[in-house]
Structures are given as structure tokens and as C-alpha cells.
K.L.:
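Got a structure here, written out as C-alpha cells. Questions coming.
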Amino acid sequence: MKLTKELTVKPGTAAKIKHRDPSDTPGFRDKTEAEATLEKNIKRLADLQFRLYAEQKRAVLVVLQGIDAAGKDGTIRHVMSGLNPQSCKVTAFKAPSAEERAHHFLWRIQKAVPAKGEIGIFNRSHYEDVLVVRVHDLAPKPVWSARFEQINAFEKLLDDNDVTVVKFFLLISKDEQKQRLEARLQDPDKNWKFTPSDLAERKLWGDYMEAFEDALTKCSTPWAPWHVIPANKKWFRNLAVSQILVETLEKMDPRFPKPVFDPAKLVIE
Ligand code: AMP
Ligand code: MG
């Protein structure tokens with residue numbers, strides 16, 4: 001089964017995140033069954049990344065979004081564990097600085113776009129400007145609602161310039177979030193991940209889901225589709241993200257460049 005097809009929000013259709021099951025594991029029964037595939041995917045990703053780097057012509061931009069505790073950091077830690085840091089760049093987007101706020105919302109994003117040969121990973125992204133900004137009224141509605149089209153145009157520009165954009169929305173249930181936040185409170189090694197504001201944010205769950213639904217529906221395009229990853233089960237989340245990345249890179253089919261010399265005719269003395 002091609003997970004890319006299974007989990008993509010078909011452009012022009014509603015994402016319907018409410019109707020998707022966050023515990024779903026399409027194509028796999030359990031963790032043990034998935035382990036070998038995940039391992040294979042991580043190796044394959046490393047190989048494809050190496051070719052992309054050698055080719056020096058195109059880039060891949062991975063966008064990770066999801067509510068607090070959805071598993072954005074965990075996905076990066078697990079799925080990207082086989083990547084060569086030399087051509088991989090992770091950017092985590094926090095609340096914008098004064099300088100960033102003085103520019104338009106895509107300014108800081110553009111600066112973080114991966115160069116040719118690189119895989120760039122966005123832990124949060126320009127989508128925060130239609131998510132948290134909308135939920136907290138940080139900009140008036142006419143401002144944030146104009147951004148869907150601006151985002152689509154921006155991502156089209158990237159695609160036209162050989163940056164393949166792959167977007168993942170990690171879908172967890174409200175109950176799963178509760179358990180994960182509780183673990184952050186109870187486990188001293190996880191305390192650092194907890195912010196008291198996480199509780200206030202959790203109260204806005206419904207508003208966030210509405211904002212996600214809109215963003216995923218309006219910004220899943222043929223050139224930069226959204227994938228909804230059922231993420232209650234971490235093993236499936238890792239498997240699905242790795243598999244979709246492999247499928248995306250295989251479709252790109254990066255090649256080692258042909259030498260500009262004839263290796264058979266050269267002798268190293
Ligand atoms: P974390 O990912 O847990 O480190 O938290 C980062 C915080 O930065 C989250 O609360 C985001 O909502 C916030 N953030 C990211 N981008 C923006 C933005 N454009 N405007 C306001 N807050 C943002
Ligand atoms: Mg947080």
C-alpha cells in the first residue's frame with residue numbers, strides 16, 4: 001500500500017480531520033510487524049539523501065505541524081536518525097523575535113529554506129501564522145485569512161525552483177495529549193518539555209482543530225500536499241512519515257552526477 005496516497009489530503013477536498021482516527025495504523029497490525037519496515041526506510045532515506053546531496057540540484061523541505069505533544073520532536077529524533085547532518089538542516093520556529101515581527105511572516109521562513117542538495121526540516125513553520133495567530137487573535141482576520149493564498153503561492157514558488165515540499169500533520173486525540181502532558185509533569189526527565197501555558201492551550205483544543213482543518217483544506221495543493229498522520233501510536237507515526245519520505249524521494253529519483261572525465265582513461269600514478 002502506498003501510504004502517500006492513503007494519507008494525503010486530496011487537493012480541493014476537505015481534510016476532515018475530525019473523521020480520521022488518530023489510532024489508525026493502515027497496512028500494519030502492530031509495532032513488531034512495523035519495526036523491520038521502519039529500519040529499512042531509515043536506511044533507504046540515508047541512501048536517497050546521499051544521492052540528493054551528490055546531485056546538488058534539488059532540495060526537500062519537510063514541514064511538521066501538530067498540536068502540543070503531537071510528536072514533532074520525536075518524529076525528528078526517530079525518523080531522521082539515519083540522515084547525514086552535513087546535508088540536513090532542522091529549524092524550529094518559535095514565537096517570532098522583534099526583528100522577525102518587523103518583517104512579513106514569510107521572511108524568516110524563506111531564510112530557512114534548504115539549499116540545493118539539502119533536506120530541510122521545519123519543526124513548526126509558516127503555518128503557525130494561520131494557526132496560533134488565528135486562535136490567539138495575534139493578527140486581524142483579514143490579515144491571517146489572506147495568508148492561505150500567500151502560502152500556496154510561496155510553496156508553488158519553491159516547487160518551481162526545485163524544492164519539493166512535503167507536509168505532515170501529526171494527529172493525536174485529546175486524550176492522548178492528556179496522557180503525554182501528564183507524563184511531562186510526572187517524569188522529571190520530561191519536566192523541561194512542559195510549560196504551564198500548555199494547559200491554557202489545551203483549553204483551546206477545539207479552536208486549534210478548526211484552524212488545522214482550514215489550513216489543511218486550503219493549503220493541500222498538487223505541488224505541496226498535506227498528509228494527515230495518525231499519531232497516537234508513535235511507531236505508526238514514525239513508520240508513516242519515513243515511508244512517505246522514501247516514496248517522495250524515490251519519485252524524485254536523485255542520481256549521482258556523471259563524471260565530466262572518463263574514469264577508465266585516467267591512471268593514478
Ligand atoms: P515549542 O514548539 O513547544 O518549542 O513552542 C514554540 C511556541 O512558539 C509555540 O507555542 C508556538 O505556537 C509558538 N510560535 C511559533 N510560531 C509562531 C508565530 N508565528 N507566532 C506566534 N507564536 C508562534
Ligand atoms: Mg511546547
Side-chain angles (χ1 to χ4, degrees), residues 17 61-80 89-113 120-152 154-155 165 167-174 176-216 218-219 226 229 231-232 234 237 241:
I17 52 174
L61 172 59
V62 181
V63 172
L64 285 170
Q65 287 287 167
I67 199 113
D68 291 326
K72 300 180 289 294
D73 301 81
T75 303
I76 296 172
R77 201 165 59 243
H78 290 98
V79 178
M80 315 304 174
K89 186 169 78 175
V90 182
T91 312
F93 290 97
K94 312 285 179 186
S97 66
E99 189 190 23
E100 288 167 346
R101 266 185 282 118
H103 289 81
H104 67 79
F105 77 108
L106 291 169
W107 181 76
R108 65 174 184 163
I109 305 297
Q110 173 60 49
K111 285 201 294 184
V113 168
I121 298 154
F122 283 2
N123 183 342
R124 302 186 190 266
S125 65
H126 41 305
Y127 282 93
E128 292 295 324
D129 291 280
V130 290
L131 296 166
V132 64
V133 166
R134 169 179 180 169
V135 170
H136 284 279
D137 262 325
L138 302 179
K141 185 171 180 184
V143 171
W144 59 253
S145 59
R147 288 180 177 159
F148 298 116
E149 251 181 67
Q150 293 163 1
I151 288 174
N152 287 345
F154 170 66
E155 292 176 352
V165 183
K167 301 179 299 200
F168 297 104
F169 169 61
L170 307 181
L171 175 70
I172 56 166
S173 61
K174 200 172 174 189
E176 180 67 24
Q177 191 200 40
K178 179 170 192 268
Q179 288 174 36
R180 292 186 188 182
L181 290 178
E182 274 169 359
R184 289 180 183 185
L185 277 180
Q186 284 153 15
D187 180 348
D189 290 353
K190 288 187 178 168
N191 284 168
W192 67 276
K193 282 207 127 188
F194 188 84
T195 335
S197 72
D198 289 347
L199 299 179
E201 291 301 282
R202 180 172 160 79
K203 291 209 174 84
L204 299 167
W205 179 276
D207 293 351
Y208 270 107
M209 288 306 136
E210 212 175 294
F212 278 122
E213 174 68 25
D214 231 17
L216 268 59
K218 294 193 167 122
C219 299
W226 270 107
I229 307 297
N232 270 6
K234 293 174 182 171
R237 172 201 78 198
V241 170

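Numbers here are sequence positions counted from 1. Whatever order the structure lists them in is the order used to number ligands and atoms, beginning at 1. None of these values were measured; they are calculated from a predicted model.
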K.L.:
Got a salt bridge between D73 and K234, using NZ or NE/NH1/NH2 to carboxylate O under 4.0 Å?
P.N.:
no
K.L.:
When only distance counts, is K94 in polar contact with ligand 1, meaning an N/O pair under 3.5 Å?
P.N.:
yes
K.L.:
Counting only heavy atoms not in Q179, do more than 12 sit closer than 6.0 Å to its CD atom?
P.N.:
yes
K.L.:
Can you find a non-hydrogen atom of R108 under 4.0 Å from ligand 1?
P.N.:
yes
K.L.:
Could you check whether any side-chain N or O of T195 sits under 3.5 Å from a backbone N or O of S197, counting only pairs where one atom can act as donor and the other as acceptor?
P.N.:
no
K.L.:
Step through the shown structure and confirm whether more than 12 heavy atoms of other residues, nucleotides or ligands are within 6.0 Å of NZ on K111.
P.N.:
yes
K.L.:
Can you figure out which of H136, E128, R101 has its heavy atom closest to atom 11 (C) of ligand 1?
P.N.:
E128
K.L.:
Quick one: look up the protein heavy atom nearest atom 20 (N) of ligand 1 and list residue, atom name and how far away it is.
P.N.:
P96 CD, 3.3 Å
K.L.:
Fit a plane to each ring of F169 and F212, take the angle between them on a 0 to 90° scale, and name the class: parallel (under 30°), tilted (30 to 60°) or perpendicular (over 60°).
P.N.:
tilted
K.L.:
Distance to 0.1 Å, residue and atom name: give those for the protein heavy atom nearest to atom 7 (C) of ligand 1.
P.N.:
R124 NE, 4.2 Å
K.L.:
Is the number of heavy atoms from other residues, nucleotides or ligands under 6.0 Å of K174 NZ greater than 12?
P.N.:
yes
K.L.:
Distance under 4.0 Å to a non-hydrogen atom of D129: what atoms of ligand 1 satisfy this?
P.N.:
19 (N)
K.L.:
Give a yes or no on whether atom 3 (O) of ligand 1 lies under 4.0 Å from any heavy atom of the protein.
P.N.:
yes
K.L.:
Which is it for K193 and ligand 1 at heavy atoms under 4.0 Å: side chain, backbone, both or neither?
P.N.:
neither
K.L.:
Side chain or backbone, does A95 bring an N or O within less than 3.5 Å of an N or O on ligand 1?
P.N.:
yes
K.L.:
Going by atom types alone, do H126 and Q110 pair a side-chain donor with an acceptor below 3.5 Å?
P.N.:
no
